[in-house]
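Quantities reported herein were computed from a predicted structural model and do not represent experimental measurements. Per chain, numbering begins at 1; letters A, B, ... match sequence-line order. In what follows, every heavy atom counts, from backbone to side chain, and hydrogens, waters and symmetry copies are set aside.
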Protein chains: 2
Amino acid sequence: MNVAESRPERPATIADVAKLAGVSTATVSYVLNGRHLGRIPDETRTKVRSAARKLGYVAQSSARSLSRGRTDLVLVHLGDGGMLRDRPVAIELARLGADLRRAGYGCMLDGDPSLRGVPAARAWAALRPAAVVADAACFTGASVELLHGSGVVAVGMGRAASPFVPTVLLDDSSLGRAAAEHLVERGCGDLVALMPRVPGLRPPAEARFRGAQEVAAARGARIRPVTMGLYPADAAGIARAWAGGDGRPDGVFGFDDRHAGMLLGALTDAGLRVPGDLALVGAEDEPLCELLRPRLTSVGVARLPAGIAGPVLAAVEHRWDPNHATLSWPAHLRRRDT
Amino acid sequence: MNVAESRPERPATIADVAKLAGVSTATVSYVLNGRHLGRIPDETRTKVRSAARKLGYVAQSSARSLSRGRTDLVLVHLGDGGMLRDRPVAIELARLGADLRRAGYGCMLDGDPSLRGVPAARAWAALRPAAVVADAACFTGASVELLHGSGVVAVGMGRAASPFVPTVLLDDSSLGRAAAEHLVERGCGDLVALMPRVPGLRPPAEARFRGAQEVAAARGARIRPVTMGLYPADAAGIARAWAGGDGRPDGVFGFDDRHAGMLLGALTDAGLRVPGDLALVGAEDEPLCELLRPRLTSVGVARLPAGIAGPVLAAVEHRWDPNHATLSWPAHLRRRDT
DNA sequence: CTGAAAGCGCTTACAG
DNA sequence: CTGAAAGCGCTTACAG
């Protein structure tokens, strides 16, 4: 028996199962959904289950949601890769899928990251998901109104609250705090925090800077932001200036490992020694840190103690509480050479 | 008027639109779906469209697919991150979403990467998508049978064909060819190709090795595989042996930039000079290459000339052709220091 | 304990 | 040119 022969003409329906089991479709539905189990004898349940198995029956979710009047689907939109490039966020997103499934919801990611605004909202609304979760910056007044009009809950996610939707606030100021703590501990008193040029990375950068600033203020150190794009020329410019003694700090927090790593190369090229002339700390503790020479000291992030599924479900079930909507990443220093 | 006030009790249905426009639901459906447009006067069409706009009407896709008997949804499953870590693949996946939308299909990614086997197939089958696209290794005989039983087309994707489903074959042997070409050109005659330890990376590694082997054979050079896990200790062991003169090649193809980069650090630590003592080429041309000192020469990949949407749509529309299912990445050398 | 039947919101031959 | 109606595959009060 090959696959072609075993394939039925059309997928089995609940009526097929009912006929084969010799019961009504209502009974099939009850058994398969675990309702009224007390009232249905074991024998009937067994008959129904084995008929369903024999036919390879899988209930069609579109018919189910049409009759139930709701779906158990949560839609996640990643936007143009900004969020996936943000590694701690990407990890939490994968966790969200599993957590939602455990809570009885399905989770799908929009497969077209380029879709935005009202057209995006229309595509999502057509599916009538329980909720749409997206980068807080993705929502506009019009798109949210369209979603609400279709009975869809909209939830934002990001570093800054959206004026249009409840937002799960992701706080990584702890990375800045841990970095500054380490640098001050080492004896640095004149710090620089690198700030990326890509607009998408400004929000996390500002949060991390704020954290570092807090610690610096408390410990009597100075700290200032220096903008550096992820281009060799940009890094080289900064390194040359510092090598010439122009505004050279004694400790640098590199925003993330890529920015820190790029600066590290440029500092080496410019003849500065790390950590002899100045100390350098990255963030996110990527594998990259082990590849560089000297190896890059970095602030690692652990998983959030509680995932983002909590606030998302709260929004879906209309018990949103802004006090439980800020999630802070635990940070710890991973000391290497720099 | 705030959002709460403007939100209707329940989402508008096609009946609401019909009533407001003073026509039947059939007419609304025709106008909104662009059918029989020749037969429907402009005036009616305008009435219908403005009623729909006024009510914020978005057709519910579950009702539509129930009555049409099919969905226009393609489901993509990423598996446990293996595929997303494979950068060229991740890029093509984003492109797939946009291409499918242009062809009139929606595209969703499964939000729970940990789901596998028959349970995964059940979850997908419930949605009755036109097709499920997943890593070829994800499909088992049982899961494919279940999908087919529900009328769902299954399409694999990967470096090796699945015995159960038509597979879009991704070929990156061109990376190995470009790397070997470069090394031989430089005068190397005794090559090593690094092979990763992670099982998920074996298939691309073998394809790249095959490509390098072809060129080596044609140009009279020797080449052998050397397995190296992405751990500092592993790389250090290899570097020490080579520094002691034990089996040191004159050219190394590093599989990808991470493996090449890790070896580069270890070679430096062991006192070997790159490219003085041996040349080194990475692959994928990641930003990382610019961070290392010396900077890493790498083979870059361009986008596929034609995306994976083509074969996927062919499978959906039952015109699958194995001769058009192998996609090869264009490769070009990006020369830097090593 | 079980079944007949209404209803969810669409689409689409079909009749007029 | 337009509408009444059947039908898609489920769920669920309701009656027996």
Side-chain angles (χ1 to χ4, degrees), chain A residues 8-48 51-52 55-73 125-128 149-152, chain B residues 8-48 51-52 55-73 125-128 149-152:
Chain A
E9 282 298 300
R10 52 168 185 71
T13 69
I14 196 171
D16 300 325
V17 177
K19 197 189 297 172
L20 182 59
V23 298
S24 73
T25 61
T27 303
V28 174
S29 176
Y30 292 145
V31 170
L32 265 26
N33 291 305
R35 306 212 188 279
H36 309 277
L37 282 194
R39 299 196 211 149
I40 300 178
D42 270 4
E43 201 198 348
T44 307
R45 273 145 64 181
T46 311
K47 272 193 308 190
V48 168
L55 296 174
Y57 174 69
V58 179
Q60 189 170 331
S61 66
S62 61
R64 168 177 303 191
S65 55
L66 184 58
S67 70
R68 284 228 257 250
R70 63 191 166 73
T71 62
D72 295 323
L73 180 70
L127 295 170
R128 299 288 196 278
S150 295
V152 177
Chain B
E9 282 298 300
R10 51 166 189 73
T13 68
I14 196 172
D16 298 325
V17 178
K19 197 189 298 172
L20 182 59
V23 300
S24 73
T25 60
T27 303
V28 174
S29 176
Y30 292 144
V31 171
L32 264 28
N33 291 306
R35 308 213 186 280
H36 308 277
L37 282 193
R39 301 197 210 147
I40 300 178
D42 269 4
E43 198 197 352
T44 307
R45 274 145 62 180
T46 311
K47 271 192 308 189
V48 168
L55 295 173
Y57 173 70
V58 179
Q60 189 169 332
S61 65
S62 60
R64 167 177 304 191
S65 55
L66 184 58
S67 70
R68 283 228 258 246
R70 60 189 170 75
T71 61
D72 295 323
L73 180 70
L127 295 169
R128 298 290 196 278
S150 294
V152 177

Measure from the side-chain heavy atoms of [X] and tell me the nearest of [options].
X: Thr25(A); options: dT2(D), dC10(C), dA5(C); result: dA5(C)
X: Leu66(A); options: dT11(C), dA4(C), dC8(C); result: dC8(C)
X: Tyr57(B); options: dT12(C), dC10(C), dT11(D); result: dC10(C)
X: Ile14(A); options: dC1(D), dC10(C), dC10(D); result: dC10(D)

According to a strict under-4.0 Å criterion, is [X] in side-chain N/O contact with OP1 or OP2 of [N]?
X: Thr27(A); N: dG3(C); value: yes
X: Ser24(B); N: dG3(D); value: yes
X: Arg35(B); N: dT12(C); value: yes
X: Arg64(B); N: dG9(C); value: no
X: Thr44(B); N: dT2(D); value: yes

Find out whether [X] and [Y] are in side-chain contact, i.e. whether some heavy atom of one side chain is under 4.5 Å from a heavy atom of the other.
X: Leu55(A); Y: Lys19(A); value: no
X: Val31(A); Y: Lys47(A); value: no
X: Leu73(B); Y: Arg128(B); value: no

The answer to which of Arg39(A) and Ser67(A) contacts DNA chain C further toward the 5' end, by nearest nucleotide, is Arg39(A)

Whole angstrom value for the distance that separates [atom2] of [N] from [atom1] of [X]:
X: Asp72(B); N: dC10(C); atom1: CG; atom2: P; value: 16 Å
X: Arg68(A); N: dG9(C); atom1: CZ; atom2: P; value: 16 Å
X: Gln60(A); N: dG7(D); atom1: CD; atom2: P; value: 17 Å
X: Arg70(B); N: dC10(C); atom1: CZ; atom2: C1'; value: 13 Å
X: Tyr30(A); N: dC10(D); atom1: OH; atom2: C1'; value: 12 Å
X: His36(B); N: dT2(D); atom1: NE2; atom2: C1'; value: 11 Å
X: Leu32(A); N: dT2(C); atom1: CG; atom2: C1'; value: 16 Å
X: Arg45(A); N: dT2(C); atom1: CZ; atom2: C1'; value: 15 Å

How would you label the contact of Ser29(A) with the nucleic acid (heavy atoms, under 4.0 Å): base, sugar-phosphate, or nothing? base

Nearest-nucleotide check on DNA chain D, Gly22(B) vs Ala63(B); residue mapping nearer the 5' end is Gly22(B)

Does the distance from a Lys or Arg side-chain N to an Asp or Glu carboxylate O, for Asp72(B) and Arg64(B), drop under 4.0 Å? no

Do NZ/NE/NH1/NH2 and the carboxylate oxygens of Arg45(B) and Asp42(B) come within less than 4.0 Å? yes

Distance col, row Arg70(A):CZ vs Ser62(B):OG, nearest 0.5 angstrom, shows 12.5 Å

When every non-hydrogen atom of Val17(A) is compared with those of Ala52(A), the smallest separation belongs to CG1-N, 3.9 Å

So the stems of DNA chain D, runs of at least three Watson-Crick or G-U pairs (under 3.5 Å), are C:1-3 with D:14-16, C:5-12 with D:5-12, C:14-16 with D:1-3

Given side chain to side chain contact (heavy atoms under 4.5 Å, CB included), test Ser61(B) with Thr71(B) step by step and report yes or no.
CA-CA 8 Å; Ser61(B) 65; Thr71(B) 61; over 6 Å; no

